[in-house]
There are 2 protein chains.
Amino acid sequence: MISIYESFENLSEAKKQAILNAGFRVFGEYGYSKASVEEIAKEAGISKGSLFYYFKNKRNFFLYLYKYAAHLMKQLVDSPDGNGIPKYMEKTDFFERLEDVKERKMKLAILHPYMSSFIKKAPFETSQEVYKDIQIINQRLAKERIGDFLKNIDIYKFKDGIDPYMVLQLLTWCSEGIVHHFQLISLADPDNKQNEVDYDRVLSLYDQYVAMIKNNFYKEEYL
Amino acid sequence: MISIYESFENLSEAKKQAILNAGFRVFGEYGYSKASVEEIAKEAGISKGSLFYYFKNKRNFFLYLYKYAAHLMKQLVDSPDGNGIPKYMEKTDFFERLEDVKERKMKLAILHPYMSSFIKKAPFETSQEVYKDIQIINQRLAKERIGDFLKNIDIYKFKDGIDPYMVLQLLTWCSEGIVHHFQLISLADPDNKQNEVDYDRVLSLYDQYVAMIKNNFYKEEYL
DNA sequence: ACATACTTGACCAAATCGGTCAATACATTT
DNA sequence: AAATGTATTGACCGATTTGGTCAAGTATGT
(Lines give C-alpha, C1' and ligand atoms only; values in the text may rest on other atoms or scores of the structure.)
Protein backbone atom coordinates (compact mmCIF):
# COMPACT_ATOMS: atom_id res chain seq x y z
CA MET A 1 0.00 0.00 0.00
CA ILE A 2 1.58 3.23 -1.16
CA SER A 3 1.02 5.94 1.35
CA ILE A 4 2.17 9.26 2.70
CA TYR A 5 1.90 7.93 6.22
CA GLU A 6 5.38 6.43 6.40
CA SER A 7 5.80 7.01 10.09
CA PHE A 8 2.75 4.86 10.69
CA GLU A 9 3.62 2.16 8.25
CA ASN A 10 7.12 1.73 9.62
CA LEU A 11 5.64 0.72 12.93
CA SER A 12 5.77 -2.87 14.11
CA GLU A 13 3.02 -5.06 12.74
CA ALA A 14 1.53 -5.64 16.17
CA LYS A 15 1.31 -1.93 16.89
CA LYS A 16 -0.21 -1.18 13.53
CA GLN A 17 -2.86 -3.82 13.98
CA ALA A 18 -3.68 -2.53 17.44
CA ILE A 19 -4.20 0.96 16.07
CA LEU A 20 -6.24 -0.19 13.10
CA ASN A 21 -8.44 -2.40 15.23
CA ALA A 22 -9.01 0.33 17.79
CA GLY A 23 -10.04 2.63 14.97
CA PHE A 24 -12.39 0.06 13.49
CA ARG A 25 -13.99 -0.57 16.84
CA VAL A 26 -14.56 3.01 17.91
CA PHE A 27 -15.51 4.46 14.52
CA GLY A 28 -17.68 1.43 13.92
CA GLU A 29 -19.51 1.88 17.18
CA TYR A 30 -20.01 5.64 17.25
CA GLY A 31 -19.55 6.84 13.71
CA TYR A 32 -17.10 9.47 12.54
CA SER A 33 -18.41 12.55 14.31
CA LYS A 34 -18.91 10.99 17.74
CA ALA A 35 -15.80 8.84 17.81
CA SER A 36 -13.14 10.17 20.13
CA VAL A 37 -9.51 10.12 19.05
CA GLU A 38 -8.54 9.92 22.69
CA GLU A 39 -10.58 6.74 23.14
CA ILE A 40 -9.03 5.18 20.06
CA ALA A 41 -5.51 5.98 21.24
CA LYS A 42 -6.23 4.60 24.68
CA GLU A 43 -7.59 1.37 23.26
CA ALA A 44 -4.62 1.02 20.94
CA GLY A 45 -2.26 1.53 23.86
CA ILE A 46 -0.65 4.70 22.54
CA SER A 47 -0.99 8.39 23.29
CA LYS A 48 -3.25 10.74 21.43
CA GLY A 49 -0.23 12.74 20.35
CA SER A 50 1.18 9.75 18.53
CA LEU A 51 -1.98 9.24 16.55
CA PHE A 52 -1.85 12.83 15.37
CA TYR A 53 1.82 12.40 14.63
CA TYR A 54 1.04 9.46 12.33
CA PHE A 55 -2.03 10.84 10.57
CA LYS A 56 -2.05 14.62 11.14
CA ASN A 57 -5.79 14.69 11.93
CA LYS A 58 -8.90 12.66 12.59
CA ARG A 59 -10.16 12.81 9.04
CA ASN A 60 -6.98 11.42 7.53
CA PHE A 61 -7.02 8.53 9.96
CA PHE A 62 -10.63 7.67 9.24
CA LEU A 63 -10.14 7.72 5.49
CA TYR A 64 -6.97 5.66 5.85
CA LEU A 65 -9.00 3.04 7.70
CA TYR A 66 -11.69 3.03 5.08
CA LYS A 67 -9.27 2.71 2.19
CA TYR A 68 -7.42 0.00 4.04
CA ALA A 69 -10.64 -1.88 4.62
CA ALA A 70 -11.72 -1.48 1.02
CA HIS A 71 -8.36 -2.78 -0.09
CA LEU A 72 -8.72 -5.89 2.01
CA MET A 73 -12.26 -6.48 0.82
CA LYS A 74 -11.05 -6.35 -2.73
CA GLN A 75 -8.26 -8.79 -1.99
CA LEU A 76 -10.89 -11.13 -0.64
CA VAL A 77 -12.20 -11.90 -4.09
CA ASP A 78 -9.12 -11.03 -6.10
CA SER A 79 -5.95 -12.99 -6.09
CA PRO A 80 -3.69 -12.24 -3.16
CA ASP A 81 -0.87 -11.03 -5.35
CA GLY A 82 -3.18 -8.84 -7.39
CA ASN A 83 -2.35 -9.97 -10.91
CA GLY A 84 -2.97 -13.07 -12.97
CA ILE A 85 -5.90 -15.37 -12.45
CA PRO A 86 -7.23 -15.30 -8.90
CA LYS A 87 -6.35 -18.45 -7.10
CA TYR A 88 -9.85 -19.41 -6.15
CA MET A 89 -10.91 -19.14 -9.78
CA GLU A 90 -9.21 -22.44 -10.45
CA LYS A 91 -12.10 -24.15 -8.78
CA THR A 92 -15.28 -24.02 -10.81
CA ASP A 93 -17.55 -25.73 -8.33
CA PHE A 94 -19.72 -23.27 -6.44
CA PHE A 95 -19.31 -24.82 -3.02
CA GLU A 96 -15.61 -25.55 -3.41
CA ARG A 97 -14.96 -21.94 -4.26
CA LEU A 98 -17.18 -20.91 -1.38
CA GLU A 99 -15.01 -22.95 0.93
CA ASP A 100 -11.98 -21.01 -0.29
CA VAL A 101 -13.54 -17.63 0.35
CA LYS A 102 -14.84 -18.80 3.67
CA GLU A 103 -11.35 -19.49 4.95
CA ARG A 104 -10.11 -16.12 3.80
CA LYS A 105 -13.01 -14.37 5.45
CA MET A 106 -12.36 -16.23 8.65
CA LYS A 107 -8.72 -15.18 8.76
CA LEU A 108 -9.75 -11.61 8.10
CA ALA A 109 -12.40 -11.69 10.82
CA ILE A 110 -9.81 -12.88 13.32
CA LEU A 111 -7.25 -10.28 12.26
CA HIS A 112 -9.78 -7.41 12.27
CA PRO A 113 -12.79 -8.35 14.37
CA TYR A 114 -14.43 -4.94 14.06
CA MET A 115 -13.70 -4.26 10.41
CA SER A 116 -16.97 -5.65 9.15
CA SER A 117 -19.09 -3.49 11.43
CA PHE A 118 -16.96 -0.50 10.54
CA ILE A 119 -17.37 -1.08 6.82
CA LYS A 120 -21.06 -1.71 7.24
CA LYS A 121 -21.65 1.58 9.02
CA ALA A 122 -19.34 3.83 7.02
CA PRO A 123 -21.59 4.18 3.95
CA PHE A 124 -24.24 5.76 6.18
CA GLU A 125 -21.84 8.40 7.41
CA THR A 126 -23.35 11.86 7.17
CA SER A 127 -20.48 14.03 8.39
CA GLN A 128 -19.69 16.45 5.62
CA GLU A 129 -16.04 16.17 6.57
CA VAL A 130 -15.79 12.71 5.11
CA TYR A 131 -18.94 11.72 3.35
CA LYS A 132 -17.87 12.80 -0.12
CA ASP A 133 -14.71 10.74 0.09
CA ILE A 134 -16.67 7.75 1.32
CA GLN A 135 -18.98 7.82 -1.64
CA ILE A 136 -16.06 7.75 -4.04
CA ILE A 137 -14.54 4.73 -2.35
CA ASN A 138 -17.94 3.06 -2.21
CA GLN A 139 -18.41 3.12 -5.94
CA ARG A 140 -15.24 1.16 -6.44
CA LEU A 141 -16.21 -1.17 -3.64
CA ALA A 142 -19.71 -1.94 -4.86
CA LYS A 143 -18.68 -3.02 -8.31
CA GLU A 144 -16.34 -5.72 -7.15
CA ARG A 145 -17.22 -8.09 -4.36
CA ILE A 146 -20.01 -10.46 -5.07
CA GLY A 147 -20.05 -10.20 -8.85
CA ASP A 148 -16.74 -11.85 -9.57
CA PHE A 149 -17.38 -14.86 -7.44
CA LEU A 150 -19.68 -16.44 -10.01
CA LYS A 151 -17.26 -16.24 -12.93
CA ASN A 152 -16.68 -19.64 -14.53
CA ILE A 153 -18.89 -21.37 -12.01
CA ASP A 154 -20.51 -24.68 -12.96
CA ILE A 155 -24.00 -23.28 -12.82
CA TYR A 156 -25.37 -26.38 -14.53
CA LYS A 157 -24.93 -28.24 -11.29
CA PHE A 158 -27.76 -26.29 -9.74
CA LYS A 159 -31.29 -27.53 -10.11
CA ASP A 160 -33.29 -25.83 -12.82
CA GLY A 161 -34.73 -22.48 -11.91
CA ILE A 162 -32.23 -21.74 -9.19
CA ASP A 163 -30.33 -18.51 -9.42
CA PRO A 164 -26.77 -19.02 -8.14
CA TYR A 165 -26.55 -15.33 -7.40
CA MET A 166 -29.45 -15.60 -4.99
CA VAL A 167 -27.87 -18.62 -3.36
CA LEU A 168 -24.63 -16.74 -2.86
CA GLN A 169 -26.46 -13.74 -1.46
CA LEU A 170 -28.41 -15.97 0.90
CA LEU A 171 -25.29 -17.62 2.22
CA THR A 172 -23.60 -14.26 2.67
CA TRP A 173 -26.45 -13.00 4.80
CA CYS A 174 -26.42 -16.32 6.59
CA SER A 175 -22.79 -16.02 7.62
CA GLU A 176 -23.30 -12.45 8.82
CA GLY A 177 -26.32 -13.52 10.77
CA ILE A 178 -24.47 -16.35 12.45
CA VAL A 179 -21.61 -14.11 13.51
CA HIS A 180 -24.04 -11.60 14.93
CA HIS A 181 -25.85 -14.42 16.70
CA PHE A 182 -22.69 -15.57 18.45
CA GLN A 183 -21.73 -12.01 19.30
CA LEU A 184 -24.98 -11.75 21.23
CA ILE A 185 -24.28 -15.04 22.96
CA SER A 186 -20.79 -13.98 23.99
CA LEU A 187 -22.30 -10.82 25.48
CA ALA A 188 -24.77 -12.77 27.56
CA ASP A 189 -22.10 -15.19 28.78
CA PRO A 190 -20.70 -13.92 32.08
CA ASP A 191 -17.71 -16.30 31.85
CA ASN A 192 -16.56 -14.71 28.63
CA LYS A 193 -15.29 -11.40 29.93
CA GLN A 194 -13.50 -10.52 26.72
CA ASN A 195 -16.68 -11.16 24.73
CA GLU A 196 -14.69 -13.13 22.21
CA VAL A 197 -16.63 -14.93 19.53
CA ASP A 198 -16.14 -18.67 19.28
CA TYR A 199 -15.27 -19.00 15.61
CA ASP A 200 -15.20 -22.76 15.66
CA ARG A 201 -18.85 -22.80 16.54
CA VAL A 202 -19.57 -20.10 14.00
CA LEU A 203 -17.96 -22.21 11.33
CA SER A 204 -19.62 -25.47 12.24
CA LEU A 205 -23.05 -23.86 12.29
CA TYR A 206 -22.37 -22.14 9.00
CA ASP A 207 -21.35 -25.46 7.50
CA GLN A 208 -24.70 -26.90 8.50
CA TYR A 209 -26.52 -24.21 6.58
CA VAL A 210 -24.26 -24.66 3.58
CA ALA A 211 -24.93 -28.38 3.63
CA MET A 212 -28.67 -27.84 3.78
CA ILE A 213 -28.52 -25.45 0.86
CA LYS A 214 -26.31 -27.68 -1.22
CA ASN A 215 -28.32 -30.82 -0.58
CA ASN A 216 -31.47 -29.23 -1.87
CA PHE A 217 -30.26 -26.82 -4.51
CA TYR A 218 -27.77 -29.05 -6.31
CA LYS A 219 -28.82 -31.75 -8.72
CA GLU A 220 -28.55 -35.13 -7.11
CA GLU A 221 -25.80 -36.35 -9.37
CA TYR A 222 -23.46 -33.61 -8.14
CA LEU A 223 -23.87 -34.11 -4.42
CA MET B 1 -48.99 0.72 28.07
CA ILE B 2 -49.12 1.74 31.71
CA SER B 3 -46.63 4.41 32.41
CA ILE B 4 -45.61 7.25 34.66
CA TYR B 5 -45.00 9.45 31.65
CA GLU B 6 -48.55 10.72 31.27
CA SER B 7 -47.55 14.06 29.86
CA PHE B 8 -45.86 12.25 27.01
CA GLU B 9 -48.57 9.73 26.39
CA ASN B 10 -51.28 12.35 26.24
CA LEU B 11 -49.57 13.88 23.24
CA SER B 12 -51.03 13.53 19.79
CA GLU B 13 -50.17 10.32 18.04
CA ALA B 14 -48.18 12.10 15.34
CA LYS B 15 -46.06 13.94 17.87
CA LYS B 16 -45.40 10.82 19.88
CA GLN B 17 -44.30 8.91 16.80
CA ALA B 18 -42.02 11.74 15.76
CA ILE B 19 -40.34 11.71 19.15
CA LEU B 20 -40.03 7.92 19.28
CA ASN B 21 -38.61 7.75 15.79
CA ALA B 22 -36.11 10.50 16.45
CA GLY B 23 -34.97 8.63 19.53
CA PHE B 24 -34.66 5.36 17.66
CA ARG B 25 -32.66 7.00 14.94
CA VAL B 26 -30.18 8.91 17.07
CA PHE B 27 -29.71 6.31 19.80
CA GLY B 28 -29.48 3.63 17.11
CA GLU B 29 -26.80 5.53 15.24
CA TYR B 30 -24.59 6.73 18.09
CA GLY B 31 -25.43 4.59 21.08
CA TYR B 32 -26.60 5.83 24.44
CA SER B 33 -23.54 7.74 25.61
CA LYS B 34 -22.89 9.65 22.39
CA ALA B 35 -26.46 10.39 21.47
CA SER B 36 -27.40 14.02 22.01
CA VAL B 37 -30.76 14.88 23.50
CA GLU B 38 -30.61 18.16 21.64
CA GLU B 39 -30.27 16.36 18.32
CA ILE B 40 -33.19 14.08 19.12
CA ALA B 41 -35.41 17.02 20.05
CA LYS B 42 -34.47 18.89 16.91
CA GLU B 43 -35.25 15.91 14.73
CA ALA B 44 -38.56 15.37 16.49
CA GLY B 45 -39.46 19.01 15.93
CA ILE B 46 -39.70 19.92 19.61
CA SER B 47 -37.47 21.71 22.07
CA LYS B 48 -35.00 20.04 24.34
CA GLY B 49 -36.87 21.38 27.33
CA SER B 50 -39.99 19.52 26.30
CA LEU B 51 -38.17 16.22 26.12
CA PHE B 52 -36.95 16.68 29.67
CA TYR B 53 -40.42 17.73 30.65
CA TYR B 54 -41.81 14.44 29.35
CA PHE B 55 -39.12 12.08 30.59
CA LYS B 56 -37.17 13.90 33.31
CA ASN B 57 -33.78 12.75 31.97
CA LYS B 58 -31.94 11.01 29.17
CA ARG B 59 -31.83 7.63 30.84
CA ASN B 60 -35.58 7.46 31.38
CA PHE B 61 -36.20 8.29 27.76
CA PHE B 62 -33.79 5.67 26.50
CA LEU B 63 -35.26 2.95 28.67
CA TYR B 64 -38.77 3.99 27.68
CA LEU B 65 -37.76 3.52 24.05
CA TYR B 66 -36.27 0.13 24.72
CA LYS B 67 -39.27 -1.12 26.65
CA TYR B 68 -41.56 0.24 23.99
CA ALA B 69 -39.59 -1.56 21.30
CA ALA B 70 -39.52 -4.79 23.27
CA HIS B 71 -43.25 -4.54 23.72
CA LEU B 72 -43.80 -4.19 19.99
CA MET B 73 -41.44 -7.06 19.22
CA LYS B 74 -43.41 -9.25 21.55
CA GLN B 75 -46.67 -8.24 19.93
CA LEU B 76 -45.19 -9.29 16.64
CA VAL B 77 -45.41 -12.95 17.50
CA ASP B 78 -48.16 -12.75 20.08
CA SER B 79 -51.75 -11.96 19.39
CA PRO B 80 -52.44 -8.29 19.03
CA ASP B 81 -54.85 -8.25 21.96
CA GLY B 82 -52.43 -10.11 24.19
CA ASN B 83 -54.61 -12.97 25.38
CA GLY B 84 -56.08 -16.09 23.87
CA ILE B 85 -54.57 -17.92 20.95
CA PRO B 86 -52.45 -15.70 18.73
CA LYS B 87 -54.17 -15.07 15.46
CA TYR B 88 -51.39 -16.36 13.28
CA MET B 89 -51.41 -19.64 15.16
CA GLU B 90 -54.58 -20.57 13.36
CA LYS B 91 -52.50 -21.28 10.30
CA THR B 92 -50.35 -24.37 10.62
CA ASP B 93 -48.57 -24.10 7.31
CA PHE B 94 -45.06 -22.69 7.68
CA PHE B 95 -45.21 -20.36 4.73
CA GLU B 96 -48.75 -19.19 5.34
CA ARG B 97 -47.83 -18.20 8.86
CA LEU B 98 -44.69 -16.59 7.53
CA GLU B 99 -46.83 -14.47 5.26
CA ASP B 100 -48.77 -13.29 8.29
CA VAL B 101 -45.71 -12.24 10.21
CA LYS B 102 -44.24 -10.65 7.13
CA GLU B 103 -47.11 -8.21 6.84
CA ARG B 104 -46.89 -7.29 10.49
CA LYS B 105 -43.19 -6.71 10.22
CA MET B 106 -43.70 -4.54 7.19
CA LYS B 107 -46.22 -2.31 8.94
CA LEU B 108 -43.86 -2.00 11.88
CA ALA B 109 -40.93 -1.14 9.65
CA ILE B 110 -42.92 1.64 8.06
CA LEU B 111 -44.15 3.01 11.39
CA HIS B 112 -40.70 2.87 13.00
CA PRO B 113 -38.01 2.75 10.33
CA TYR B 114 -35.14 2.97 12.79
CA MET B 115 -36.46 0.69 15.49
CA SER B 116 -34.74 -2.40 14.18
CA SER B 117 -31.30 -0.80 14.12
CA PHE B 118 -31.95 0.62 17.57
CA ILE B 119 -32.93 -2.75 18.98
CA LYS B 120 -30.02 -4.41 17.25
CA LYS B 121 -27.49 -2.07 18.79
CA ALA B 122 -28.91 -1.72 22.28
CA PRO B 123 -27.73 -5.11 23.59
CA PHE B 124 -24.15 -4.01 22.96
CA GLU B 125 -24.59 -0.91 25.07
CA THR B 126 -21.78 -0.52 27.58
CA SER B 127 -22.83 2.62 29.43
CA GLN B 128 -23.16 1.67 33.04
CA GLU B 129 -26.06 4.10 33.32
CA VAL B 130 -28.32 1.78 31.36
CA TYR B 131 -26.64 -1.51 30.67
CA LYS B 132 -28.01 -3.34 33.68
CA ASP B 133 -31.58 -2.43 32.76
CA ILE B 134 -30.96 -3.50 29.18
CA GLN B 135 -29.84 -6.95 30.21
CA ILE B 136 -33.01 -7.48 32.21
CA ILE B 137 -35.20 -6.53 29.28
CA ASN B 138 -33.07 -8.65 26.96
CA GLN B 139 -33.68 -11.82 28.86
CA ARG B 140 -37.40 -11.47 28.41
CA LEU B 141 -36.89 -10.54 24.79
CA ALA B 142 -34.63 -13.45 23.87
CA LYS B 143 -36.95 -16.13 25.12
CA GLU B 144 -39.85 -15.11 22.97
CA ARG B 145 -39.49 -14.20 19.33
CA ILE B 146 -38.40 -16.96 17.06
CA GLY B 147 -39.27 -19.90 19.28
CA ASP B 148 -43.03 -19.54 19.26
CA PHE B 149 -43.33 -19.24 15.55
CA LEU B 150 -42.86 -22.97 15.04
CA LYS B 151 -45.57 -24.08 17.43
CA ASN B 152 -48.11 -26.36 15.74
CA ILE B 153 -46.42 -26.04 12.39
CA ASP B 154 -46.88 -28.81 9.81
CA ILE B 155 -43.26 -29.83 9.91
CA TYR B 156 -44.04 -33.01 7.98
CA LYS B 157 -44.41 -30.90 4.88
CA PHE B 158 -40.68 -30.27 4.82
CA LYS B 159 -38.44 -32.72 3.05
CA ASP B 160 -36.69 -35.19 5.31
CA GLY B 161 -33.63 -33.88 7.11
CA ILE B 162 -34.65 -30.26 6.91
CA ASP B 163 -34.76 -28.33 10.15
CA PRO B 164 -37.63 -25.81 10.05
CA TYR B 165 -35.85 -23.75 12.66
CA MET B 166 -32.89 -23.30 10.33
CA VAL B 167 -35.20 -22.38 7.50
CA LEU B 168 -36.88 -19.76 9.62
CA GLN B 169 -33.54 -18.40 10.74
CA LEU B 170 -32.32 -18.26 7.17
CA LEU B 171 -35.35 -16.34 6.00
CA THR B 172 -35.04 -13.93 8.90
CA TRP B 173 -31.47 -13.11 7.97
CA CYS B 174 -32.58 -12.91 4.38
CA SER B 175 -35.19 -10.25 5.06
CA GLU B 176 -32.74 -8.21 7.11
CA GLY B 177 -30.17 -8.50 4.36
CA ILE B 178 -32.61 -7.33 1.72
CA VAL B 179 -33.65 -4.29 3.73
CA HIS B 180 -30.02 -3.40 4.29
CA HIS B 181 -29.35 -3.89 0.60
CA PHE B 182 -32.05 -1.42 -0.39
CA GLN B 183 -30.95 1.03 2.26
CA LEU B 184 -27.57 1.14 0.55
CA ILE B 185 -29.21 1.63 -2.81
CA SER B 186 -31.35 4.51 -1.56
CA LEU B 187 -28.19 6.15 -0.23
CA ALA B 188 -26.47 5.92 -3.58
CA ASP B 189 -29.48 7.29 -5.43
CA PRO B 190 -29.14 11.06 -5.78
CA ASP B 191 -32.82 11.42 -6.75
CA ASN B 192 -33.92 9.96 -3.43
CA LYS B 193 -33.06 12.82 -1.11
CA GLN B 194 -35.03 11.42 1.80
CA ASN B 195 -33.25 8.08 1.45
CA GLU B 196 -36.54 6.29 1.75
CA VAL B 197 -36.51 2.57 1.22
CA ASP B 198 -38.77 1.23 -1.49
CA TYR B 199 -40.65 -1.41 0.45
CA ASP B 200 -42.50 -2.73 -2.57
CA ARG B 201 -39.21 -3.80 -4.06
CA VAL B 202 -38.05 -5.15 -0.74
CA LEU B 203 -41.14 -7.31 -0.55
CA SER B 204 -41.03 -8.59 -4.10
CA LEU B 205 -37.39 -9.57 -3.78
CA TYR B 206 -38.07 -11.22 -0.45
CA ASP B 207 -40.91 -13.18 -2.01
CA GLN B 208 -38.50 -14.51 -4.61
CA TYR B 209 -36.24 -15.90 -1.93
CA VAL B 210 -39.16 -17.39 -0.05
CA ALA B 211 -40.36 -19.05 -3.24
CA MET B 212 -36.93 -20.50 -3.91
CA ILE B 213 -36.73 -21.87 -0.41
CA LYS B 214 -40.22 -23.31 -0.46
CA ASN B 215 -39.84 -24.93 -3.86
CA ASN B 216 -36.81 -26.86 -2.77
CA PHE B 217 -37.42 -27.49 0.90
CA TYR B 218 -41.04 -28.55 0.77
CA LYS B 219 -42.11 -31.97 -0.35
CA GLU B 220 -43.49 -31.80 -3.85
CA GLU B 221 -46.99 -32.78 -2.86
CA TYR B 222 -47.32 -29.68 -0.69
CA LEU B 223 -46.17 -27.10 -3.20
C1' DA C 1 28.25 12.62 21.56
C1' DC C 2 25.31 13.98 18.18
C1' DA C 3 21.34 14.03 15.26
C1' DT C 4 17.21 12.21 13.98
C1' DA C 5 12.89 10.05 14.67
C1' DC C 6 9.47 8.74 17.85
C1' DT C 7 6.40 9.38 21.98
C1' DT C 8 4.22 11.55 25.53
C1' DG C 9 0.94 14.17 28.44
C1' DA C 10 -0.05 18.63 29.83
C1' DC C 11 -2.39 22.22 27.70
C1' DC C 12 -5.63 25.04 24.79
C1' DA C 13 -9.76 27.33 22.99
C1' DA C 14 -13.93 25.90 21.35
C1' DA C 15 -17.72 23.16 21.30
C1' DT C 16 -20.99 20.12 23.41
C1' DC C 17 -23.11 17.84 27.11
C1' DG C 18 -27.31 16.87 30.32
C1' DG C 19 -30.14 19.39 32.88
C1' DT C 20 -32.62 23.73 34.87
C1' DC C 21 -35.77 27.42 34.92
C1' DA C 22 -38.18 31.74 34.39
C1' DA C 23 -41.06 33.32 30.97
C1' DT C 24 -44.57 32.58 27.77
C1' DA C 25 -48.32 30.38 25.18
C1' DC C 26 -52.26 27.66 25.30
C1' DA C 27 -56.41 25.51 26.85
C1' DT C 28 -59.96 24.84 30.19
C1' DT C 29 -62.75 26.18 33.90
C1' DT C 30 -64.93 29.58 36.62
C1' DA D 1 -62.62 37.93 31.05
C1' DA D 2 -60.34 36.58 34.78
C1' DA D 3 -58.19 32.85 36.76
C1' DT D 4 -56.05 28.45 36.79
C1' DG D 5 -53.33 24.68 35.37
C1' DT D 6 -50.66 22.60 31.79
C1' DA D 7 -47.38 22.70 27.66
C1' DT D 8 -43.58 24.59 25.52
C1' DT D 9 -39.78 27.19 24.78
C1' DG D 10 -34.93 28.83 24.49
C1' DA D 11 -31.60 31.16 27.01
C1' DC D 12 -28.56 29.70 30.39
C1' DC D 13 -25.46 26.86 33.55
C1' DG D 14 -21.34 24.36 35.14
C1' DA D 15 -19.04 20.41 33.78
C1' DT D 16 -17.00 17.62 30.52
C1' DT D 17 -15.12 16.52 26.10
C1' DT D 18 -13.49 17.77 21.77
C1' DG D 19 -9.65 17.90 17.97
C1' DG D 20 -5.42 19.56 17.79
C1' DT D 21 -0.71 21.64 19.44
C1' DC D 22 3.70 21.58 21.40
C1' DA D 23 7.64 21.66 24.38
C1' DA D 24 10.02 18.27 26.60
C1' DG D 25 11.56 13.75 26.91
C1' DT D 26 12.99 8.97 25.20
C1' DA D 27 14.89 5.78 21.94
C1' DT D 28 17.67 4.67 18.16
C1' DG D 29 21.31 4.67 15.05
C1' DT D 30 25.76 6.59 13.72
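Letters A, B, ... are given to chains in the order of the sequence lines, protein chains preceding strands, and every chain is numbered from 1. Note that the structure is a prediction, hence the values are computed from the model and not measured.
Residue-level contact check: B:Ala35 touches the backbone only, with heavy atoms under 4.0 Å from sugar-phosphate atoms and none from bases. Contact annotation for B:Tyr54: backbone-only contact, meaning every heavy-atom pair under 4.0 Å involves sugar-phosphate atoms and none involves a base. Backbone-only engagement by B:Leu11 is indicated by non-hydrogen atom pairs under 4.0 Å involving sugar-phosphate atoms exclusively.
You'll find that the side chain of A:Asn57 is closest to D:dG20, out of C:dC6, D:dG20, C:dT8. In this structure, of C:dC11, C:dT8, C:dG19, it is C:dT8 that holds the atom nearest to the side chain of A:Ser47. Side-chain proximity of B:Lys34 to the nucleotides C:dT7, D:dT8, D:dT18 is greatest for D:dT18. For A:Val37, taking side-chain heavy atoms from C-beta onward, the closest of the listed nucleotides D:dA7, C:dG9, D:dG19 is D:dG19. Set against D:dT6, C:dG19, D:dG19, the side chain of B:Phe52 has C:dG19 as its closest nucleotide. Across C:dT7, C:dG19, D:dT8, the shortest atom-to-atom separation from the side chain of A:Ser50 is found for C:dT7.
For the pair B:Lys48 and B:Gly45, nearest-nucleotide mapping onto DNA chain D gives the more 5' position to B:Gly45. When each of B:Ser33 and A:Ile46 is assigned the nucleotide of DNA chain C bearing its nearest heavy atom, the one mapping closer to the 5' terminus is A:Ile46.
The distance between atom CD of B:Glu38 and atom P of D:dT8, rounded to the nearest whole Å, is 17 Å. Atom pair A:Ile40:CD1 and D:dT17:P shows a separation of 16 Å (rounding to whole Å applied). Between B:Phe62 atom CZ and C:dG19 atom P there is a gap of 14 Å when expressed in whole angstrom units. For the pair B:Lys56 NZ and D:dT8 P, the computed distance is 17 Å after rounding to whole Å.
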- Task: Begin from the C-alpha positions of B:Glu29 and B:Arg25 and carry the test salt bridge (Lys or Arg N to Asp or Glu O under 4.0 Å) through to its verdict.
- Result: CA-CA 6 Å; B:Glu29 184 167 345; B:Arg25 214 273 295 157; 2.5 Å; yes

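In this structure, B:Tyr209 has its ring center no closer than 6.0 Å to that of B:Trp173. You'll find the ring centres of B:Tyr114 and B:Phe24 outside the 6.0 Å limit.
Salt bridge A:Arg59/A:Glu129: absent, no basic N to carboxylate O contact under 4.0 Å.
Under the 30°/60° scheme for interplanar angles, the aromatic rings of A:Phe61 and A:Phe55 are found to be tilted.
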